[in-house]
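Notes follow once the structure below has been shown.
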Protein chains: 2
Amino acid sequence: MADRKKAILRAVTDDYITTAEPVGSRTIARKYGLGVSSATIRNEMADLEDEGYLEQPHASAGRIPSDKGYRFYVDTLMTGRDLTGHEEKRIRAEYERRRDEIRALIRTTAKMLGDISQCASVVVGPTVRTAEIRHIQLVPISSETVLVLVVTNSGLVEHRVLSIEHAMHPSDLDRISRILNNRLRGSTLAQMHGAALREIQAELSAYATFLDQMFELLLSAMHSSDEERVYVDGLMQLLAQPEFKDVGRARPVLEFLESDDLVLRALTAVGSRGLGATVVTIGSENVMNELQSCSVISAPYGVAGRVVGAVAVVGPTRLDYSMVTALVGYMAEGLSDILARLDSCESGE
Amino acid sequence: MADRKKAILRAVTDDYITTAEPVGSRTIARKYGLGVSSATIRNEMADLEDEGYLEQPHASAGRIPSDKGYRFYVDTLMTGRDLTGHEEKRIRAEYERRRDEIRALIRTTAKMLGDISQCASVVVGPTVRTAEIRHIQLVPISSETVLVLVVTNSGLVEHRVLSIEHAMHPSDLDRISRILNNRLRGSTLAQMHGAALREIQAELSAYATFLDQMFELLLSAMHSSDEERVYVDGLMQLLAQPEFKDVGRARPVLEFLESDDLVLRALTAVGSRGLGATVVTIGSENVMNELQSCSVISAPYGVAGRVVGAVAVVGPTRLDYSMVTALVGYMAEGLSDILARLDSCESGE
DNA sequence: ATTAGCACTCCCAGCCTACGAGTGCTAACG
DNA sequence: CGTTAGCACTCGTAGGCTGGGAGTGCTAAT
């Protein structure tokens, strides 16, 4: 594509991203001094429309970028940019405060993503199911209840209260804990079946019913905690965007974002590309119908080369792609860093 | 007030609640067979308007209840009603599944409240700060990290990861745990200062720095966990209500609901009336400006006579007061029941 | 006290028009 | 041949107007 055409496409896109108004040839000529008249720009814009990069909302309005136009903009036109020092500092400060509880950290991450991007944000937290077990511990709470504690390498601490029929002595619980740790450390809850379980049962045959109950509890915890991995924020910011001033247009998107399982499914797909890959999905490129009027920028994060979750920003296709891409990438990296520190710290036993 | 007038006010309110349209005298005469003509009803309605129970959105539309009208309706007109068997069964079923983790339970409660009421719902979870401590335990995770575990009588399990400089032997941790338990069981984290702390420090002077770090962590946990007590759901249901079809009208309310601390402050006020009191706040009765176009129905729940949290439904003033009142009361009671069972079970040591 | 009848008010939806923004085309220019 | 100026044309939007409908308030009759 000719340089001037690129410059015009870039100008149209930049302008539309900031003003949310269809942009005309005169505006381009005046504001983006390309050294040519509006008539020339008109001709070029007509070409760009023929080629599918621009479109007209109605016959005599300015042009706006099509999904294809945004795609070209993101792939080759966009000037990459870093976060401002202010933004970066704010994120760092928040991360300093929230090091000790991973769920709070993730909640905060979603909040900051929404705030800075002025769009809706989603963070998918780590799952216990596939994380490596670092530590299992049974804690006696009362004569009838035992707390089952699982700490994973992704910093997640999962706990469940188990009701037991017969009181157990703390030293028994310690002994069981020790054996569970030996057998299960390093594996995942999802792998916790078959052979491993049988071995444990054999070694601790005296506690058969207790172990059965406990494994059942862990199994159900594995599934139910999945629903609580999704943190959504910034719905308000989304509603503030002009393309969603009509509730009818906003509803499908908001409904999608409120249904955790759909979001979860959509974002786990992102993880498949591996760590460090920020994915931009524009309008109709989205598989989910509800999102076809939106763009999604997402990036996975993880520990030790394994993807454990993802962060994402959802906004109108008219999105500040360069800012949000930088932001999402930065946040994913930040989460990965913190997890890595937790990981190395805990494994250094 | 004359019976017929009451009947008319009730009819107007009932009709408006279901249709969301101003209701005229003819409608009342036809649909609510009171045995009088529309002209009579017109006269009565004019009176009701003079007395401030009804108002007209514009000169020749039907009437709608004013806040005062709703208040009268709620206090003396409304026919109390129970939940349908279907609704009740659904709630019970969900509560059966979620007994073992209080946060999941609360999240689910918010979801059900929103679903059934077709309005926004809020649940404030218990706070660690003022709950009685049932159990404190230090769990060794690695040579550099210790997990600090606090279990309260409200079923809450709070945990934080503490980084330590010098490795500590598990038996040391056990000893500290035992002493912490002896000293602190039955008191609250908020009371955990002054005398009690000094005694512990004296008894465990060998671990002074460790204890300092731990208490500091608990202190910060007390505050930061407050932000995570608020669970909001059903924002979509709210947007589906006709009074919020205009985003401009919906925004303030949604913004309020998204700011956890405001919600928290508003709902802790509810707790002051004591357990079992369902509070209905109608339109302008709300202290918060953002909510003056809404009604809020809220009820506290708790254990052992102490309020630990609250559930609430937020909707337009045109709210199905009888259904939502029953719902909110039922949910608060349900939560209280579950907490009571947890409490008695854990204290029966 | 209640009711029927009727004039009146006011909102709303639909229609029209004027306006403005922006295009597409054409012809002139370097 | 690319670029530019000029101009007619299109189309959406805002503002003004009108007719219909819903509902009231008043009055007179029962």
Side-chain angles (χ1 to χ4, degrees), chain A residues 1-9 11-16 18-66 69 242-243 245-246 249, chain B residues 1-9 11-16 18-66 69 242-243 245-246 249:
Chain A
M1 192 188 293
D3 280 353
R4 191 175 64 191
K5 227 156 162 184
K6 284 189 194 171
I8 290 173
L9 180 51
V12 170
T13 311
D14 281 338
D15 201 76
Y16 185 64
T18 60
T19 65
E21 295 288 331
V23 18
S25 54
R26 241 169 61 90
T27 314
I28 299 292
R30 252 187 305 135
K31 275 172 62 177
Y32 295 84
L34 300 180
V36 289
S37 77
S38 67
T40 308
I41 294 175
R42 265 202 297 284
N43 289 328
E44 299 277 38
M45 279 166 80
D47 287 355
L48 283 166
E49 185 172 358
D50 289 342
E51 296 161 35
Y53 294 104
L54 295 180
E55 48 196 31
Q56 272 182 304
H58 55 82
S60 116
R63 306 299 211 293
I64 63 175
S66 66
E243 22 272 286
K245 70 176 190 310
D246 176 20
R249 206 154 293 281
Chain B
M1 191 189 293
D3 281 353
R4 191 177 63 193
K5 227 159 162 181
K6 285 188 193 170
I8 290 173
L9 179 51
V12 170
T13 311
D14 281 338
D15 201 76
Y16 184 63
T18 59
T19 65
E21 296 287 331
V23 17
S25 52
R26 241 170 60 91
T27 314
I28 299 291
R30 253 187 305 136
K31 274 172 63 176
Y32 297 84
L34 300 180
V36 288
S37 79
S38 68
T40 308
I41 293 175
R42 265 203 296 285
N43 288 328
E44 299 276 38
M45 278 165 79
D47 287 355
L48 283 166
E49 185 173 0
D50 288 343
E51 296 162 36
Y53 294 104
L54 294 180
E55 50 196 31
Q56 272 181 304
H58 56 82
S60 116
R63 305 301 209 292
I64 63 176
S66 66
E243 23 271 285
K245 72 177 191 310
D246 176 19
R249 207 155 291 282

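Side-chain atoms are counted along with the backbone in the values below, which use heavy atoms only and exclude waters and symmetry mates. Within every chain, numbering begins at 1; the chains are lettered A, B, ... in the order of the sequence lines, protein sequences first and strands thereafter. Predicted, not measured: the structure shown is a model, and the values here were computed from it.
In this structure, the salt bridge (Lys or Arg N to Asp or Glu O under 4.0 Å) partners of Glu49(B), at least two apart in sequence or on a different chain, are Arg63(B). Considering only residues two or more places apart in sequence or on other chains, Arg4(B) meets the salt bridge (Lys or Arg N to Asp or Glu O under 4.0 Å) condition with Glu44(B). Legend: residues meeting salt bridge (Lys or Arg N to Asp or Glu O under 4.0 Å) with Glu51(A), ordered by chain and number and at least two apart, are Lys5(A).
For the residue pair Asp15(B)/Tyr32(B), the side-chain donor-acceptor check at 3.5 Å is satisfied.
Under a 3.5 Å cut-off, the side chain of Thr40(B) and the backbone N or O of Val36(B) do not form any donor-acceptor pair. Within the 3.5 Å criterion, the main-chain N or O of Val23(B) finds no donor-acceptor partner in the side chain of Thr27(B). For the pair Ser38(B) (side chain) and Ser25(B) (backbone), a donor-acceptor distance under 3.5 Å is absent.
Listed by residue number, His58(A), Ala59(A), Ser60(A) are the residues of residues 49-64 of chain A with a heavy-atom contact under 4.0 Å to DNA chain D.
Between Asn43(A) atom CG and dT3(D) atom P there is a gap of 9 Å when expressed in whole angstrom units. Taking atom CZ of residue Arg4(A) and atom C1' of nucleotide dC1(D), one finds them 12 Å apart after rounding to whole Å.
The two residues Ser37(A) and Ala29(A) make their nearest non-hydrogen contact at C-CB, 4.4 Å. Closest approach of Pro57(A) to Gly62(A), counting heavy atoms only: CD-O, 3.4 Å.
Remark on DNA chain C: of its neighbouring residues Gly35(B) and Arg26(A), the 5'-side contact belongs to Gly35(B), judged by nearest-heavy-atom nucleotide.
The terminal axes of the helix from dA1(C)-dT30(D) to dG30(C)-dC1(D), fitted over 5 pairs per end, subtend an angle of 20° to the nearest 10°.
Residue Ser25(A) is classed as a sugar-phosphate contact, given heavy-atom separations below 4.0 Å to backbone atoms only.
Note: Arg26(B) CZ to Lys31(B) NZ = 12.0 Å, rounded to the nearest 0.5 Å.
Protein chain A contacts DNA chain C over a range whose 5' and 3' limits, counting nucleotides with an atom under 4.0 angstrom from a non-hydrogen atom, are dA21(C) to dG24(C).
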